[in-house]
Each structure stands twice: as C-alpha cells, then as structure tokens.
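All heavy atoms count here, side chains included; hydrogens, waters and symmetry mates do not. Residues: numbered from 1 along the sequence shown. As the structure is a prediction and not an experimental result, all values here were calculated from the model.
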Amino acid sequence: QAQLVQSGGGLVQPGGSLRLSCAASGFTDSCIAMNWYRQVPGKEREWVAALLNVPSSKNYANFVKGRFTISRDNAENTMYLQMNSLKSEDTATYYCNCRLRGGTYWGQGTQVTVSS
C-alpha cells in the first residue's frame with residue numbers, strides 16, 4: 001500500500017544544513033502536490049513548503065524563503081527538503097505529505113533539532 005517514509009533528520013548547529021528525504025512507495029497515482037510541514041509540541045502543524053506537480057511550481061512559507069528548497073527525484077520517487085542556514089526556531093518534527101484527489105498521505109515524521 002501507499003506510504004511515505006522519511007529520513008534525514010538529526011541534530012545540527014545553528015547555521016548548519018540538513019536534507020530531509022521522503023520516499024514514496026505503493027502509489028498508483030502521482031501526487032497533485034507534495035508538502036513539507038513541521039510541528040512542535042502543543043502547536044498545530046505548520047506548513048513549510050509545497051511542490052505542485054501540474055504545472056510544476058514551488059511555494060514556501062515566508063520564514064524559510066531563501067533557506068529551504070523543496071525538490072523531487074522522480075526516478076527515486078523521493079521528495080527532499082534541503083534546509084540551509086538553520087535556526088533554533090526550525091527545531092520541530094518535520095512531516096512530508098502527498099496530496100491526491102482522494103485524500104492526503106503523511107510520512108511518519110522526522111525530528112530536526114537545531115542547537116549549539
């Protein structure tokens with residue numbers, strides 16, 4: 001069945017970089033859009049970035065513009081979030097999703113901690 005498996009989280013110093021991965025498998029349809037969200041305890045999930053497939057476009061939350069880049073490797077069925085110039089405020093659990101006509105699938109989440 002369809003699933004999104006995430007990896008790439010970890011501990012990084014302020015100003016550092018991480019690349020998150022979201023590997024898709026079992027999908028019979030392509031995603032209308034793919035998104036990255038993040039969440040800290042006690043708060044709602046916060047939208048970070050989106051990749052729309054038809055037509056191809058990208059959108060970012062203001063707080064990550066110029067620092068984060070969303071991308072997809074179709075051959076590997078993997079979406080990425082390249083995170084540069086990380087700040088302590090970026091500390092959160094990051095989730096990817098795939099939006100289909102019939103619903104939305106979510107990855108399991110991966111922790112990103114930015115600390116010196």
| query | Does the pair Met79 and Trp36 meet the rule for a side-chain contact (heavy atoms from CB on, under 4.5 Å), with working shown? | reply | CA-CA 9 Å; Met79 179 176 66; Trp36 287 97; 3.5 Å; yes
| query | About how many Å separate CD of Gln108 and CG of Leu4, when rounded to the nearest 0.5 Å? | reply | 8.5 Å
| task | Using a cut-off of 6.0 Å, state whether more than 12 heavy atoms not belonging to Tyr105 lie near its atom OH. | result | no
| query | Which of these, Thr78, Asn53, Asn77, sits in a side chain to side chain donor-acceptor pair (under 3.5 Å) with Arg72? | reply | Asn53
| field | From Leu52 atom CG to Ile32 atom CD1, the distance as rounded to the nearest 0.5 Å | value | 9.5 Å
| request: Give the minimum heavy-atom separation between Asp90 and Arg38, together with the two atoms involved. | output: OD1-NH1, 2.8 Å
| request: Mind checking the OG-CZ spacing from Ser30 to Arg101? Nearest 0.5 Å is all I need. | output: 11.5 Å
| message | Classify the ring geometry of Phe68 against Tyr94: parallel below 30°, tilted from 30° to 60°, perpendicular beyond 60°. | response | tilted
| field | Nearest-0.5 Å distance that lies between atom CD in Gln6 and atom CG in Asn97 | value | 9.5 Å
| remark: Rounded to the nearest 0.5 angstrom, the CG-SG distance for Asn35 and Cys98 is 9.5 Å
| Side-chain heavy atoms of Glu46 within contact of Phe63, under 4.5 Å | yes
| note | Rounded to the nearest 0.5 Å, the CD atom of Glu76 sits from the OG atom of Ser21 at a distance of 10.0 Å
| task | Please lay out, stage by stage, how Gln82 and Ser17 fare under the test side-chain contact (heavy atoms from CB on, under 4.5 Å). | result | CA-CA 7 Å; Gln82 178 67 47; Ser17 298; 4.0 Å; yes
| task | Work out which heavy atom in Pro14 is nearest to a heavy atom in Ser115; give both atom names and the distance. | result | CD-C, 3.5 Å
| said: Tell me the closest heavy-atom pair linking Val12 and Leu18, and the distance in Å. | reply: CG1-CD1, 3.9 Å
| message | Determine whether a donor-acceptor pair (N or O, by modelled atom type, separation under 3.5 Å) exists between the side chain of Tyr60 and the backbone of Ile70. | response | yes
| message | Which heavy atom of Leu81 sits nearest to which heavy atom of Ala49, and what is that distance? | response | CD1-CB, 4.4 Å
| Exam field: side chain Arg99 to backbone Ala33, donor-acceptor pair closer than 3.5 Å | no
| said: Are Leu51 and Phe27 linked, directly or through intermediate hydrophobic residues, by side-chain heavy-atom contacts shorter than 4.5 Å (ILVMFWY only)? | reply: no
| Is there a path from Val64 to Val114 through hydrophobic residues (I, L, V, M, F, W, Y) whose side chains come within less than 4.5 Å of each other? | yes
| task | Using the rule that two of Ile, Leu, Val, Met, Phe, Trp, Tyr join whenever any of their side-chain heavy atoms come within less than 4.5 Å, decide whether Leu20 and Leu11 are in one cluster. | result | no
| query | Is there a side-chain contact (heavy atoms from CB on, under 4.5 Å) between Val112 and Met83 once you walk through the steps? | reply | CA-CA 10 Å; Val112 171; Met83 305 185 295; 3.8 Å; yes
